[in-house]
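Worksheet: one structure, shown below.
A note on names: the letters A, B, ... follow the listed sequences, proteins ahead of strands, and every chain is numbered from 1. If you're wondering where the values come from, they're calculated on a predicted model, not measured in any experiment. The figures that follow rest on heavy atoms only: side chains count, while hydrogens, waters and symmetry mates do not.
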There are 2 protein chains.
Amino acid sequence: MFVRASTDPVFRLSSLGVLGMESDSNPVVSLNEFTYRKGMEIYGEKEPADYVYRVKSGAVRSYKLLSDGRRQIGAFHLLGDIFGLESGGEHQFTTEAIVDTTVRLIKRHSLDSLAANDALVARNLLSMTMDNLRHAENHMLLLGRKTSQERVAAFLLEMDKRLTAAGVMVLPMSRRDIADYLGLTLETVSRVLSRLHELGILGFVGHNQRQIALLDRRQLAGLDR
Amino acid sequence: MFVRASTDPVFRLSSLGVLGMESDSNPVVSLNEFTYRKGMEIYGEKEPADYVYRVKSGAVRSYKLLSDGRRQIGAFHLLGDIFGLESGGEHQFTTEAIVDTTVRLIKRHSLDSLAANDALVARNLLSMTMDNLRHAENHMLLLGRKTSQERVAAFLLEMDKRLTAAGVMVLPMSRRDIADYLGLTLETVSRVLSRLHELGILGFVGHNQRQIALLDRRQLAGLDR
DNA sequence: CGGATCGTTGACCACCTTCAAGGATTGTGG
DNA sequence: CCACAATCCTTGAAGGTGGTCAACGATCCG
């Protein structure tokens with residue numbers, strides 16, 4: 001783990017809209033795709049933030065490390081999410097592909113010049129950053145004040161909203177990833193999930209511990225304050 | 001506590017620059033000052049975010065509450081800080097004056113129209129929001145992964161940077177505020193501070209427990225990872 | 001099939017919380 | 001200016017939630 005990608009990721013070109021914000025008459029700026037294999041680093045904390053990314057397929061984790069290896073995941077980036085939009089020109093997180101992942105990427109400086117001329121693009125950048133801020137603020141409440149049960153319940157509800165298809169969510173991330181997102185250990189996450197399973201609040205689909213069906217969202221929401 | 005201001009705060013007019021971002025030829029938008037007494041609420045979570053604020057004097061806490069009263073303070077706003085700049089038109093936090101506090105306030109919609117016409121203002125809004133985001137991201141690491149000692153050390157270093165004059169910092173907030181900022185109890189904060197005092201890392205000035213001199217910033221930084 | 005990774009569960013433990021008491025400081029009214 | 005209450009801070013003792021350490025089973029992947 002934490003191994004730097006030694007080979008260049010798969011490279012392809014695309015002519016789709018910038019960040020999904022298709023302005024009427026914009027020149028298509030340097031816009032292409034990369035594919036990262038499971039576990040590969042996309043960028044490191046404190047590297048220059050020259051690109052902004054959008055998840056085309058797969059999933060990404062953003063995290064910070066303490067010197068002794070303790071890890072805090074700040075966000076998971078799923079299909080359609082934009083990440084890497086940071087202040088000051090330096091990335092604030094390290095990001096890795098959780099599974100094989102394809103991202104669309106945009107040069108930051110072309111985005112900046114777009115924003116300088118188009119107030120709508122500027123508004124979108126601000127709006128996206130504020131969305132990230134709101135997520136971080138809610139997560140501070142979770143990390144600072146919620147119990148393990150409340151944290152896991154909140155996590156399940158968040159993921160349910162973001163990636164449930166046909167009543168089942170397929171989590172791309174491991175128990176350790178979940179734990180590092182929730183400020184817990186993987187054992188505690190596992191125990192709480194087992195407990196919720198016993199209580200009939202969730203079910204595992206097949207024998208895959210990452211395919212989860214929420215059987216009682218109402219009750220789950222009650223476990224989160 | 002948590003009592004809503006029943007009387008209108010002191011009202012004055014001012015003709016200074018907007019948010020400190022004096023553009024060359026901007027019309028001075030609705031710009032005035034309010035003073036809040038210690039403990040008074042400035043705005044509540046989920047209220048419409050019609051104004052943005054700048055601290056002229058005093059100090060402010062921004063927090064979220066859980067249904068049973070657990071509180072997480074997301075930030076302290078000190079002299080010169082801007083707060084209340086939120087997404088979606090709704091405030092994400094409740095804010096209160098920690099001590100008697102005067103704020104300058106700006107109508108949000110006038111700020112928006114300014115930004116629509118002036119790319120520099122728009123950049124400043126984005127930059128400020130990104131600064132808030134970075135603070136929140138670092139605080140997530142603290143809340144999710146740091147020990148009580150590391151949290152208090154980080155807090156002291158942050159406050160030292162922001163409000164030390166003549167080698168002494170005068171904390172406006174109580175031990176409970178600090179605890180709710182750091183995701184601890186007030187007893188734990190008190191114990192850690194006592195320990196740091198025993199170790200000679202900090203000193204109390206006079207008999208006031210809120211006037212603290214950092215005697216060994218190097219060692220303190222070592223206690224934070 | 002064999003190794004590596006992942007997830008679950010149990011036993012024990014530590015850090016921080018809870019509960020409690022007492023002292024110090026601040027604010028208020030006489 | 002003092003008396004008194006309210007708030008704040010500290011400190012001690014006990015307890016609990018979640019962490020640590022360990023073993024084992026399941027799944028994945030070569």
Side-chain angles (χ1 to χ4, degrees), chain A residues 1-3 37-39 61 66 68-72 96 98-100 142-153 155 170-198 202-212 223 225, chain B residues 1-3 37-39 61 66 68-72 98-100 142-153 170-198 202 204-212 223:
Chain A
M1 232 188 260
F2 306 140
V3 177
R37 289 246 230 310
K38 177 177 174 177
R61 57 180 169 246
L66 294 175
D68 62 358
R70 281 172 288 171
R71 185 178 68 158
Q72 179 62 43
E96 289 171 352
I98 297 176
V99 294
D100 290 355
L142 179 148
L143 293 171
R145 288 301 180 215
K146 292 190 180 178
T147 66
S148 60
Q149 186 167 277
E150 290 165 349
R151 293 178 201 214
V152 172
F155 170 78
V170 182
L171 299 176
M173 70 289 287
S174 68
R175 298 292 190 260
R176 170 167 290 282
D177 285 339
I178 298 172
D180 285 348
Y181 179 59
L182 299 179
L184 300 169
T185 61
L186 63 93
E187 291 94 334
T188 297
V189 170
S190 183
R191 277 184 251 269
V192 173
L193 288 175
S194 295
R195 180 112 208 292
L196 295 177
H197 187 209
E198 283 170 21
L202 62 83
F204 294 101
V205 178
H207 287 270
N208 187 328
Q209 296 108 325
R210 295 196 188 178
Q211 294 188 22
I212 295 178
L223 297 182
R225 297 307 162 102
Chain B
M1 234 188 259
F2 305 142
V3 177
R37 288 247 229 311
K38 177 178 175 176
R61 57 180 169 246
L66 293 175
D68 61 358
R70 282 172 286 172
R71 184 177 70 158
Q72 179 62 43
I98 298 176
V99 294
D100 289 356
L142 179 149
L143 293 171
R145 287 302 179 214
K146 292 190 180 180
T147 65
S148 60
Q149 185 167 281
E150 289 165 350
R151 293 178 201 214
V152 172
V170 182
L171 299 177
M173 70 288 286
S174 68
R175 298 292 189 258
R176 171 168 289 284
D177 286 338
I178 299 172
D180 286 348
Y181 179 60
L182 299 179
L184 301 169
T185 60
L186 64 93
E187 292 93 334
T188 297
V189 170
S190 182
R191 277 185 250 270
V192 174
L193 287 175
S194 295
R195 181 108 209 294
L196 295 177
H197 187 208
E198 283 170 20
L202 62 82
F204 293 102
V205 178
H207 287 271
N208 187 325
Q209 298 106 326
R210 296 196 187 178
Q211 294 187 21
I212 295 178
L223 297 181

(request) Measure from the side chain of B/Glu187, starting at C-beta and using heavy atoms only, and say which of C/dA20, D/dG19, C/dT9 lies closest. (result) C/dA20
(message) Salt bridge check, B/Arg176 against B/Glu187: does any charged N sit closer than 4.0 Å to a carboxylate O?
(response) no
(message) Please check: side-chain N/O of A/Arg210 versus main-chain N/O of A/Pro172, any donor-acceptor pairing under 3.5 Å?
(response) yes
(request) In whole angstrom, give the distance that lies between atom CG of B/Asn208 and atom P of C/dG27. (result) 11 Å
(request) By nearest nucleotide on DNA chain C, pick out whichever of B/His207 and B/Thr147 is the more 5' one. (result) B/Thr147
(request) Grab the CD1-C1' distance between B/Ile212 and D/dC8 for me, whole Å please. (result) 14 Å
(request) Would you kindly give the CD1-to-C1' distance between A/Ile178 and C/dG7, to the nearest whole Å? (result) 11 Å
(request) Round to a whole Å and report the spacing from CZ of B/Arg191 to C1' of C/dT18. (result) 10 Å
(request) Measure from CG on A/Asp180 to P on D/dG18 and round the result to the nearest Å. (result) 17 Å
(request) Can you spot which of B/Val152, B/Leu223, B/Leu184 makes a side chain to side chain contact (heavy atoms under 4.5 Å, CB included) with B/Val192? (result) B/Val152
(request) Salt-bridge test for B/Arg71 and B/Asp180: reply yes if a basic N is under 4.0 Å from a carboxylate O, no otherwise. (result) yes
(request) Flag the pair A/Arg151 / A/Arg145 as yes when at least one side-chain heavy-atom distance between them is below 4.5 Å, and no otherwise. (result) no
(message) Closest-nucleotide mapping onto DNA chain C: is B/Lys38 or B/Lys146 further toward the 5' terminus? I mean the 5' end.
(response) B/Lys146
(message) What does the 5'-to-3' dot-bracket notation of DNA chain C look like when only Watson-Crick and G-U wobble pairs under 3.5 Å count, and pairs to other strands show as |?
(response) ||||||||||||||||||||||||||||||
(message) Output the rounded distance in Å from CD (A/Gln211) to P (D/dA26).
(response) 18 Å
(request) For A/Ser190, report the nucleic acid contact type (base, sugar-phosphate, nothing); a contact means any heavy atom under 4.0 Å. (result) base
(request) Mind checking A/Leu184 for me? I need base, sugar-phosphate or nothing, with any heavy atom below 4.0 Å counting as a touch. (result) sugar-phosphate
(request) Give a yes or no on whether the backbone of A/Asn208 and the side-chain of A/Gln211 come within a donor-acceptor separation of less than 3.5 Å. (result) no
(message) Taking donor-acceptor contacts at under 3.5 Å, does the side chain of A/Arg176 reach the base of C/dG7?
(response) no
(message) Return whichever of A/Arg151 or B/Val189 has its heavy-atom-nearest nucleotide of DNA chain D closer to the 5' end.
(response) B/Val189
(request) With heavy atoms under 4.0 Å as the rule, sort A/Gly206 into base, sugar-phosphate or nothing. (result) nothing
(message) Determine whether a donor-acceptor pair (one donor, one acceptor, N or O, separation below 3.5 Å) exists between the side chain of A/Arg175 and the base of C/dT9.
(response) no
(request) Using a cut-off of strictly less than 4.0 Å, decide whether B/Ser148 has a side-chain nitrogen or oxygen near OP1 or OP2 of C/dC16. (result) yes
(message) Using a 3.5 Å distance criterion without hydrogens, assess whether the side chain of B/Gln72 forms a donor-acceptor pair with backbone atoms of B/Tyr181.
(response) yes
(request) May I have the distance from A/His197 (atom NE2) to C/dG7 (atom P), rounded to whole angstrom? (result) 16 Å
(message) Please check this pair: side chain of A/Ser194 against backbone of A/Ser190, looking for a donor-acceptor N/O pair closer than 3.5 Å.
(response) yes
(request) Return the value, rounded to whole Å, for the distance between atom CE of B/Met173 and atom C1' of D/dC8. (result) 15 Å
(message) Can you say whether a donor on the side chain of A/Arg145 sits under 3.5 Å from an acceptor on the base of C/dT17, or the other way round?
(response) no
(request) Return the nearest nucleotide to the side chain of A/Leu186; candidates are D/dT10, C/dT8, D/dA13. (result) C/dT8
(request) Choose from D/dG19, D/dC28, D/dC9 the nucleotide whose nearest atom is closest to any side-chain atom of B/Arg210. (result) D/dC9
(message) Is A/Thr188 close enough to D/dG19 that one of its side-chain N or O atoms is under 4.0 Å from OP1 or OP2 there?
(response) yes
(message) I want to verify a distance call: between D/dC28, D/dG19, D/dT11, whose nearest atom is closest to the A/Thr185 side chain?
(response) D/dG19
